[in-house]
Amino acid sequence: MKHYDPETAPDPSDWLSLDEHQRLQLTEAHHRATRVKLPSIKAHTAIHLIVENQIAMGLEPVVRAMSRLKSEGLPRHEAIHAIGSVAAEHFFEVLKSTDQDVANTAQARYDAAVERLTAKSWREEYGS
């Protein structure tokens, strides 16, 4: 892979053949080239990596969410942000919790939240 474009799904085997650093470099290069102001390009590209990795690995709730969000009219890049927002919320919940049960059930809650995600709910929450 020579470049990353969030509007085009990378081939899963090509994406997963790269190491995390290479994926991060490609994703960051794309965002730097767009010259969009981001609060933290590192955090933004890390969320892209998480979502792209989950899609490439075939994590079913995320794959279904991507398909659903696109069919509801979100561009692929915005759908990555929508799914990433759910991931970020769940990571934050786990990080701030001292309850071991929260960490133990985080994946199931994340999967359920991604399954409920719609273009309408994303737009209502984030105004895009």
Side-chain angles (χ1 to χ4, degrees):
M1 260 183 86
K2 295 194 188 299
H3 73 282
Y4 170 73
D5 176 2
E7 290 300 344
T8 305
D11 177 84
S13 60
D14 289 345
W15 182 256
L16 295 174
S17 72
L18 302 172
D19 67 35
E20 286 293 311
H21 183 71
Q22 291 170 312
R23 293 177 214 165
L24 184 63
Q25 285 181 317
L26 288 172
T27 307
E28 193 171 314
H30 167 79
H31 285 86
R32 287 193 189 285
T34 65
R35 299 185 187 268
V36 172
K37 300 279 188 219
L38 299 168
S40 170
I41 194 165
K42 296 284 186 195
H44 187 89
T45 57
I47 294 294
H48 270 259
L49 254 59
I50 290 165
V51 175
E52 292 289 11
N53 288 349
Q54 290 175 340
I55 292 168
M57 292 185 298
L59 185 63
E60 285 300 318
V62 176
V63 171
R64 284 191 297 270
M66 176 58 75
S67 177
R68 180 177 61 255
L69 294 169
K70 287 174 52 184
S71 74
E72 293 173 352
L74 287 185
R76 187 175 188 281
H77 192 174
E78 194 172 346
I80 290 169
H81 292 172
I83 296 166
S85 72
V86 174
E89 286 175 24
H90 283 265
F91 295 151
F92 181 71
E93 179 185 343
V94 170
L95 289 173
K96 72 178 184 174
S97 177
T98 57
D99 183 348
Q100 187 60 40
D101 289 335
V102 171
N104 290 340
T105 60
Q107 185 68 49
R109 285 194 314 278
Y110 172 66
D111 291 350
V114 170
E115 292 283 11
R116 289 189 306 271
L117 182 64
T118 65
K120 182 180 179 188
S121 68
W122 159 250
R123 288 180 174 133
E124 286 173 354
E125 176 110 11
Y126 293 93
S128 59

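Cluster partners of Leu38, by chain and number: Val36, Ile41. The rule joins Ile, Leu, Val, Met, Phe, Trp and Tyr whenever side-chain heavy atoms lie under 4.5 Å apart.
Expressed to the nearest 0.5 Å, how far OG of Ser121 lies from CG of Leu69 amounts to 7.5 Å. A distance of 4.5 Å separates CE in Met66 from CD1 in Ile80, rounded to the nearest 0.5 Å. In this structure, Leu18 CG and Tyr4 OH are separated by 12.5 Å, a value rounded to the nearest 0.5 Å. Distance CG/Asp111 to NE2/His90: 9.0 Å, rounded to 0.5 Å. Between atom CZ of residue Arg68 and atom CG of residue Leu117 there is a gap of 6.0 Å, rounded to the nearest 0.5 Å.
The backbone N or O of Ala119 lies less than 3.5 Å from a partner atom in the side chain of Glu72, making a donor-acceptor pair. Not a single donor-acceptor pair under 3.5 Å links the side chain of Thr105 to the backbone N or O of Ala108. The backbone N or O of Leu16 lies less than 3.5 Å from a partner atom in the side chain of Arg23, making a donor-acceptor pair. The main-chain N or O of Val114 is never found under 3.5 Å from a side-chain atom of Arg64 such that the two would form a donor-acceptor pair.
Electrostatic pairing of Lys70 and Glu7 does not count as a salt bridge here, judged by no charged N lying under 4.0 Å from a carboxylate O.
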| query | Step by step, would you call Trp15 with Leu49 a side chain to side chain contact (heavy atoms under 4.5 Å, CB included)? | reply | CA-CA 10 Å; Trp15 182 256; Leu49 254 59; 4.2 Å; yes
Given Glu78 and Trp122, is the side-chain hydrogen bond (donor to acceptor under 3.5 Å, both in side chains) satisfied, shown in steps? CA-CA 9 Å; Glu78 194 172 346; Trp122 159 250; 3.0 Å; yes
Open item on the list: Pair Met57, Val62 - check side chain to side chain contact (heavy atoms under 4.5 Å, CB included), show working.
Closed with: CA-CA 10 Å; Met57 292 185 298; Val62 176; over 6 Å; no
Go through Arg76 and Thr8 one step at a time and tell me if the side chain to side chain contact (heavy atoms under 4.5 Å, CB included) criterion holds.
CA-CA 7 Å; Arg76 187 175 188 281; Thr8 305; 5.9 Å; no
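Checking His31, His30, Arg32, Gln25 one by one against Glu28, the side-chain hydrogen bond (donor to acceptor under 3.5 Å, both in side chains) holds for a single residue, Arg32.
Considering all non-hydrogen atoms of both residues, Ala56 and Pro12 come closest at O-CB, 3.7 Å.
Scanning for side chain to side chain donor-acceptor pair (under 3.5 Å) contacts around Asp5 gives an empty result, with sequence neighbours left out.
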Kindly list each side-chain donor-acceptor pair under 3.5 angstrom involving residues 81-88, sequence neighbours excluded, with atom names and distances?
{"residue": "His81", "atom": "NE2", "partner": "His44", "partner atom": "NE2", "Å": "3.2"}
{"residue": "His81", "atom": "NE2", "partner": "His48", "partner atom": "NE2", "Å": "3.2"}
{"residue": "His81", "atom": "NE2", "partner": "His77", "partner atom": "NE2", "Å": "3.1"}
{"residue": "Ser85", "atom": "OG", "partner": "Ala82", "partner atom": "O", "Å": "2.6"}

